[in-house]
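Counting starts at 1 for both ligands and their atoms, following the listed order. Basis for what follows: all heavy atoms, side chains included, without hydrogens, waters or symmetry-related copies.
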Amino acid sequence: MNSLTKHLKKSIEIIENNKNNLHNDLWRLNFHLMPPIGWLNDPNGLCYFKGEYHIFFQYSPFNVNGELKFWGHYKSKDLINWEYLGVPLLPDQPFDCHGTYSGSALIEDEKMYLYYTGNVKYSGENYDYINNGRGSNTILAISDGNNIISKKCLLTNEDYPKNFTCHIRDPKVWKENDNYYMVLGGRTKEDKGVILLYKSLDKINWNFLNIIESENKFGYMWECPDLFDLDNKTILMISPQGVEKQGYKYQNIYQSGYYILNGDYKTNNYSLNEFTEIDRGFDFYAPQTFLDNKNRRILIGWFGLPDIQDFYTNKTIEKGWQHALTIPRVLKIIGNKIYQQPIEELKSLRKEQLNIENNKIYNIDCCFELLIENILNDITIKLENDVIIQFKENLFTLKFDSDKLGCGRTSRSVEINNCNKLQIFVDYSSIEIFINDGEEVFSTRFYPNEKNIILEINGNGNNTLYPLNSFSIK
Ligand code: FRU
């Protein structure tokens with residue numbers, strides 16, 4: 001460990017230990033992973049390794065609004081009891097000195113191979129940091145699960161195809177037969193978002209194989225790609241930037257969703273189905289997936305978005321922290337649609353079971369799961385008389401009636417044929433809504449003034465409410 005690494009680690013420990021004001025913060029979440037202090041963004045390096053789940057995340061402990069990025073690290077045997085392992089990946093080398101950006105984990109030979117982007121911003125007056133002035137290095141860090149054993153720069157800007165800007169990043173790596181593949185998100189010089197596909201025989205030397213792109217331009221940059229098989233279909237998941245709003249679609253500043261890939265994407269013999277958004281709420285971006293030991297394809301997203309300040313805000317900034325990861329969701333395909341279900345493990349957090357009658361007002365602790373089954377007609381659920389969750393005339397809507405709790409959040413909708421089941425997770429300052437067993441999902445933050453909130457359901461379904469226990473985090 002060089003002395004910069006040592007001092008950075010020490011400084012982070014000091015500020016993490018100095019977070020007393022977080023103890024009586026009513027917006028801290030009970031069953032979501034959060035930054036110990038400061039800023040969190042993308043989930044990184046998701047994997048199941050030697051009997052434990054490992055979740056890394058983009059972390060800026062020094063600044064509640066981001067800037068210099070590290071990787072923070074949590075692990076768990078059961079996705080409920082967690083251990084925080086500190087900050088294993090630091091921007092401490094010339095090839096990653098302006099941020100250890102997002103990436104993924106490949107597990108082999110009892111080791112974790114962590115591929116990520118080393119961000120470098122050169123100083124110079126005339127740089128725009130899009131076409132010049134930025135290094136986007138593809139780096140391999142090898143870890144024993146606790147510590148980084150080595151770091152090696154594998155690809156620099158010189159190695160990428162010539163018609164690209166400097167925006168190439170977020171390697172997702174996987175093994176197929178005896179070959180390794182990697183997808184990277186990129187922005188071409190014509191400002192088109194595309195995927196770069198690489199192949200390797202040894203995990204170290206990578207050869208460019210193909211570009212995966214949509215026929216028509218869909219945004220100027222594709223971030224955080226993921227490519228995986230799900231129920232015999234090939235899914236390309238991306239987080240595109242620069243997509244125009246269209247009816248109820250693409251309402252957030254940046255999007256995340258997927259294409260079904262038909263044909264052979266390793267040659268040019270492929271086509272992409274229509275892009276589908278994976279979450280319809282105000283606060284969701286940069287999802288990643290991994291396979292666990294039960295062969296579940298689990299997705300975790302960033303419960304937040306970058307660059308939202310012109311639209312809405314997060315009140316936790318006042319408290320010195322911002323953002324979280326979503327609850328893990330298990331994916332399956334029905335027809336051509338990905339369905340997302342909260343992991344079963346969350347059931348172990350349920351305390352008692354309360355029956356909630358329709359058209360009555362309840363005052364409840366703001367940490368619960370609400371299950372509504374056999375919904376036959378329209379339904380409206382109100383939280384604090386301000387957050388309105390509604391299905392009416394084939395439209396599902398999440399909206400804020402005033403600016404009180406939403407801090408600028410307004411309304412998001414999706415058209416669906418019916419709504420017969422809702423599963424809603426509320427965690428002090430977050431709401432995740434699963435419609436019809438995950439056919440659609442809405443994730444949003446909100447900022448109530450009390451730990452207790454008013455709940456009212458106007459509908460005709462069967463309502464069950466489970467107050468929830470907290471994760472344990474060591
Ligand atoms: C997505 C993203 C990634 C990048 C990381 C930096 O939110 O912009 O493309 O690697 O965040 O923190």
Per-atom contacts of ligand 1 with [X], taking only distances under 4.0 Å to non-hydrogen atoms:
X: Tyr285; result: 1 (C), 7 (O)
X: Tyr101; result: 4 (C), 6 (C), 10 (O)
X: Ser102; result: 5 (C), 10 (O)

Considering only the protein, which heavy-atom contact is closest to [atom], and what is its distance?
atom: atom 4 (C) of ligand 1; answer: Asp170 OD1, 3.5 Å
atom: atom 1 (C) of ligand 1; answer: Asp42 OD2, 3.0 Å
atom: atom 12 (O) of ligand 1; answer: Gln58 OE1, 2.6 Å
atom: atom 8 (O) of ligand 1; answer: Glu223 OE2, 2.9 Å

> So, for Phe57 and Tyr74, is the gap between ring centers shorter than 6.0 Å?
Replying inline: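 Close enough - the centres of the two rings lie under 6.0 Å apart.
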> Does Trp302 come within less than 4.0 Å of ligand 1, judged by its heavy atoms?
Replying inline: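 The answer is yes: ligand 1 sits under 4.0 Å from a heavy atom of Trp302.
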> With a 4.0 Å cut-off on heavy atoms, does Thr117 reach ligand 1?
Replying inline: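 In this structure, Thr117 fails to qualify as a contact of ligand 1 - no heavy atom is under 4.0 Å.
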> Does NZ or CZ of Arg445 lie under 6.0 Å from the centre of the six-membered ring of Trp27, at an angle within 45° of the ring axis?
Replying inline: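 So Arg445 doesn't make the cation-pi contact.
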>> Can you confirm if the NZ or CZ of Lys175 lies within 45° of the ring axis of Tyr113 and under 6.0 Å from the centre of its six-membered ring?
In response: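 No, Lys175 and Tyr113 do not form such a contact.
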Donor-acceptor contacts under 3.5 Å from residues 235-246 side chains, at least two apart:
| from | atom 1 | to | atom 2 | distance (Å) |
| --- | --- | --- | --- | --- |
| Ser239 | OG | Ala286 | N | 3.3 |
| Gln241 | NE2 | Glu223 | OE1 | 3.1 |
| Gln241 | NE2 | Tyr285 | OH | 3.4 |

> Are any of the N or O atoms of Asn41 closer than 3.5 Å to those of ligand 1?
Replying inline: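 Yes, at least one N or O pair falls under 3.5 Å.
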> Between Arg169 and ligand 1, is there a nitrogen or oxygen pair with a distance under 3.5 Å?
Replying inline: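 The answer is yes, given that Arg169 and ligand 1 share an N or O pair closer than 3.5 Å.
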>> Exactly one of Phe446, Phe442, Phe400 should register a ring pair (Phe, Tyr, Trp, His ring centres under 6.0 Å) with Phe282. Which one does?
In response: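 Testing Phe282 for a ring pair (Phe, Tyr, Trp, His ring centres under 6.0 Å) against Phe446, Phe442, Phe400 leaves exactly one candidate, Phe400.
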>> Ignoring hydrogens, what is the shortest heavy-atom contact between Gly185 and Ile195? Give both atom names and the distance.
In response: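 Closest pair (atom of Gly185, atom of Ile195, distance): CA-CD1, 4.2 Å.
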>> Under a plain distance cut-off of 3.5 Å, with no hydrogens placed, do Tyr101 and Asp42 share a side-chain donor-acceptor pair?
In response: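 No pair is found: no donor N or O on one side chain lies under 3.5 Å from an acceptor on the other.
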> In this structure, which one of Lys151, Arg169, Lys152, Lys121 forms a salt bridge (charged side-chain N to carboxylate O under 4.0 Å, His left out) with Asp96?
Replying inline: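 Checked Lys151, Arg169, Lys152, Lys121 against Asp96; only one passes salt bridge (charged side-chain N to carboxylate O under 4.0 Å, His left out): Lys151.
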